[in-house]
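Note: hydrogens, waters and symmetry copies are ignored here, and every other heavy atom, side chains too, is used. What you see is a predicted model; the values in this text were computed from it and never measured.
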Amino acid sequence: MSDFWSWFIIVIVVINLLGCGGLLLWNNQISAEEAAKETTGHSFDGIQERNAPLPRWWLFLFIGTLIFSAVYLVLYPGFGKFDGVLGWTSDNQYQKEVAVMEKSTGPLFEQYGQVAIEELVEYPEALAVGGRLFANNCAICHGSDARGAKGYPNLADDDWLYGGEPDQIVTSITKGRKAAMPPMAAAIGNTDEAVRDMALYVQSLSRPDLAKDSQKAAAIERAKPKFAMCAACHGQDAKGNIMMGAPNLTDTTWLYGPRVEDIEYTIRHGRSGHMPPHESLLSKERIHVIAAYVYSLSQGANSAE
């Protein structure tokens with residue numbers, strides 16, 4: 001905070017405290033006898049509003065709040081740059097609360113951390129804990145039901161960009177992931193027709209019925225040879241590459257949408273995704289429990305099939 005804003009806050013606080021104190025002092029100067037004679041000029045149904053002083057208990061209550069405010073500003077931050085004599089900060093308070101929570105829950109997470117993720121999915125209480133951790137740390141992107149949204153992967157199916165094995169999930173949570181699909185319009189011809197042809201070809205990989213339309217079939221055939229430039233990431237069979245996070249284009253799972261317009265946008269402008277690392281936010285044991293929860297979601301998808 002700059003000195004200007006610090007002094008600005010100090011002046012505003014002082015003016016408010018002095019103003020409230022002065023108002024109380026002025027009001028206290030009015031005696032009950034004077035109030036009985038003096039009116040505010042307001043009346044209703046024959047009832048006159050008189051300028052009566054505050055009740056004593058109410059006055060003392062206000063005085064107490066002013067004294068409390070002054071003491072608070074001496075002890076805690078709030079008076080410009082002044083940190084308060086106690087040196088309290090919200091970060092220190094947070095760290096203390098985290099330490100208390102860690103002390104009480106640490107042994108439980110250590111116990112869970114010693115169980116393999118494949119086995120931990122059989123512990124309902126561990127999955128319940130993992131679900132709460134997921135809600136606090138992951139749901140903002142992947143949704144409360146873990147089914148994601150446009151640009152955010154669905155974690156409740158069995159389709160994985162970087163692999164769905166326990167160690168791969170742990171790596172994704174711990175280290176994060178960065179994905180980049182470069183613009184490809186220039187590489188395939190840089191014309192509207194070339195982009196539309198490639199979009200139809202990519203769409204046809206999961207929808208062979210498109211070839212029944214003669215016009216779309218012709219476009220698909222024109223784009224097919226050019227897909228070799230995409231195979232470096234997505235593979236010759238277009239089934240993707242988990243080492244690079246390149247999605248499988250032959251299934252019906254679409255990260256950015258299945259419409260031709262969505263695919264065209266991807267080809268023209270590329271895509272970028274970033275899963276932030278959580279190793280600085282969560283302990284290894286907590287990541288282990290979240291990974292078990294996420295792994296259980298995909299196992300449920302497999303069993304449903």
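Atom CD1 in Ile173 sits 9.0 Å away from atom CZ in Phe134 (nearest 0.5 Å). The NZ atom of Lys284 lies 10.0 Å from the CD atom of Glu110; values are rounded to the nearest 0.5 Å. The CE atom of Met198 lies 5.0 Å from the SG atom of Cys230; values are rounded to the nearest 0.5 Å. In this structure, Arg268 CZ and Thr266 OG1 are separated by 11.5 Å, a value rounded to the nearest 0.5 Å. Between atom CG of residue Asn241 and atom CG of residue Asn248 there is a gap of 11.0 Å, rounded to the nearest 0.5 Å. The distance from atom CD of Gln168 to atom CH2 of Trp160, rounded to the nearest 0.5 Å, is 9.5 Å.
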Check the pair Thr89 / Asp91 against side chain to side chain donor-acceptor pair (under 3.5 Å), numbers first and verdict last.
CA-CA 5 Å; Thr89 67; Asp91 182 64; 5.3 Å; no
Stepwise, does the side chain to side chain donor-acceptor pair (under 3.5 Å) test hold for Glu97 with Gln93?
CA-CA 6 Å; Glu97 293 175 1; Gln93 181 68 26; 3.3 Å; yes
So Met275 and Tyr152, side chain to side chain contact (heavy atoms under 4.5 Å, CB included) or not? Walk me through it.
CA-CA 9 Å; Met275 158 76 178; Tyr152 299 97; over 6 Å; no
Going through the checks in order, is the side chain to side chain contact (heavy atoms under 4.5 Å, CB included) test met by Trp88 and Asn92?
CA-CA 7 Å; Trp88 181 93; Asn92 288 341; over 6 Å; no
The test is salt bridge (charged side-chain N to carboxylate O under 4.0 Å, His left out); show your working for Lys216 and Asp197 and say whether it passes.
CA-CA 8 Å; Lys216 292 180 179 179; Asp197 289 351; over 6 Å; no
Evaluate Arg147 against Asp157 for salt bridge (charged side-chain N to carboxylate O under 4.0 Å, His left out), listing each step before the verdict.
CA-CA 8 Å; Arg147 295 188 179 277; Asp157 59 17; over 6 Å; no
Stepwise side chain to side chain contact (heavy atoms under 4.5 Å, CB included) check, Leu200 with Val260:
CA-CA 7 Å; Leu200 286 170; Val260 170; 3.9 Å; yes
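In this structure, the side chains of Asp237 and Thr250 stay at 4.5 Å or more apart for every pair of heavy atoms. Between Ile169 and Tyr162, every side-chain heavy-atom pair lies at or beyond the 4.5 Å cut-off. By the 4.5 Å heavy-atom criterion applied to side chains, Phe79 and Val14 are counted as neighbours. Between Asp167 and Ile117 there is no side-chain heavy-atom pair separated by less than 4.5 Å. Residues Asp262 and Lys150 form a side-chain contact, since some pair of their non-hydrogen atoms from C-beta on lies under 4.5 Å apart. With a 4.5 Å cut-off on side-chain heavy atoms, Met244 and Cys233 count as touching. The side-chain heavy atoms of Leu120 and His288, taken from C-beta on, include a pair separated by under 4.5 Å. Between Tyr94 and Val98, some side-chain heavy-atom pair lies under the 4.5 Å cut-off.
Between the side chain of His278 and the backbone N or O of Ser283, no donor-acceptor pair lies under 3.5 Å. Asn16 contributes a side-chain N or O that, together with a main-chain N or O of Ile12, makes up a donor-acceptor pair within less than 3.5 Å. Between the side chain of Thr174 and the backbone N or O of Thr171, no donor-acceptor pair lies under 3.5 Å. With Gln203 contributing its side chain and Pro258 its backbone, the two residues share a donor-acceptor pair below 3.5 Å. Looking at Thr105, its side chain does come within 3.5 Å of a backbone N or O of Met101 through a donor-acceptor pair. Under a 3.5 Å cut-off, the side chain of His234 and the backbone N or O of Ala232 do not form any donor-acceptor pair.
Counting heavy-atom neighbours within 6.0 Å of Leu86 CG, excluding the residue itself, gives a total above 12. With a 6.0 Å radius and a threshold of 12 heavy atoms from other residues, nucleotides or ligands, Phe82 has its CZ atom above the threshold. Few gaps surround NZ on Lys81; more than 12 heavy atoms of other groups in view lie less than 6.0 Å from it. Around NZ of Lys212, the count of heavy atoms belonging to other residues, nucleotides or ligands within 6.0 Å does not exceed 12. The number of heavy-atom neighbours closer than 6.0 Å to CZ of Phe227, taken from other residues, nucleotides and ligands shown, is above 12. Annotation for Tyr123: atom OH does not count as buried by contact number, only 12 or fewer foreign heavy atoms lying within 6.0 Å.
Among all heavy-atom pairs drawn from Cys20 and Leu66, the shortest one is CB-CD2, 3.8 Å. When all heavy atoms of Val121 and Ser296 are compared, the pair lying nearest together is CG1-CB, 4.0 Å. Closest approach of Leu17 to Ser69, counting heavy atoms only: CD2-CB, 3.9 Å. Across all non-hydrogen atoms, the minimal contact from Ser206 to Trp254 is OG-CZ2, 3.6 Å. In plain terms, the two heavy atoms of Val195 and Ala185 that are nearest each other are CG2-CB, 4.0 Å. Pairing each heavy atom of Ile188 with each of Ala194, the nearest pair is O-CB, 3.4 Å.
Leu282 and Phe109 fall within a single hydrophobic cluster, where Ile, Leu, Val, Met, Phe, Trp and Tyr side chains are chained together by heavy-atom contacts under 4.5 Å. Taking hydrophobic clusters as Ile, Leu, Val, Met, Phe, Trp and Tyr residues chained together by side-chain heavy-atom distances below 4.5 Å, Tyr295 does not share a cluster with Leu127. Linking ILVMFWY residues whenever their side-chain heavy atoms come closer than 4.5 Å, directly or via other members, leaves Tyr265 and Val202 in distinct clusters. Under the 4.5 Å side-chain heavy-atom criterion for ILVMFWY residues, a single connected hydrophobic cluster contains both Met181 and Leu205. Linking ILVMFWY residues whenever their side-chain heavy atoms come closer than 4.5 Å, directly or via other members, leaves Ile15 and Ile10 in distinct clusters.
Note on Lys239 versus Asp251: no salt bridge recorded, every NZ/NE/NH1/NH2 to OD/OE distance being 4.0 Å or above. With salt bridges taken as basic N to acidic carboxylate O contacts below 4.0 Å, one links Asp209 and Arg207.
Taking the six-membered ring for Trp, Phe60 and Trp57 have ring centres at least 6.0 Å apart.
Ring geometry, Trp5 versus Phe8: the interplanar angle exceeds 60°, so the pair is classed perpendicular (tilted spans 30 to 60°).
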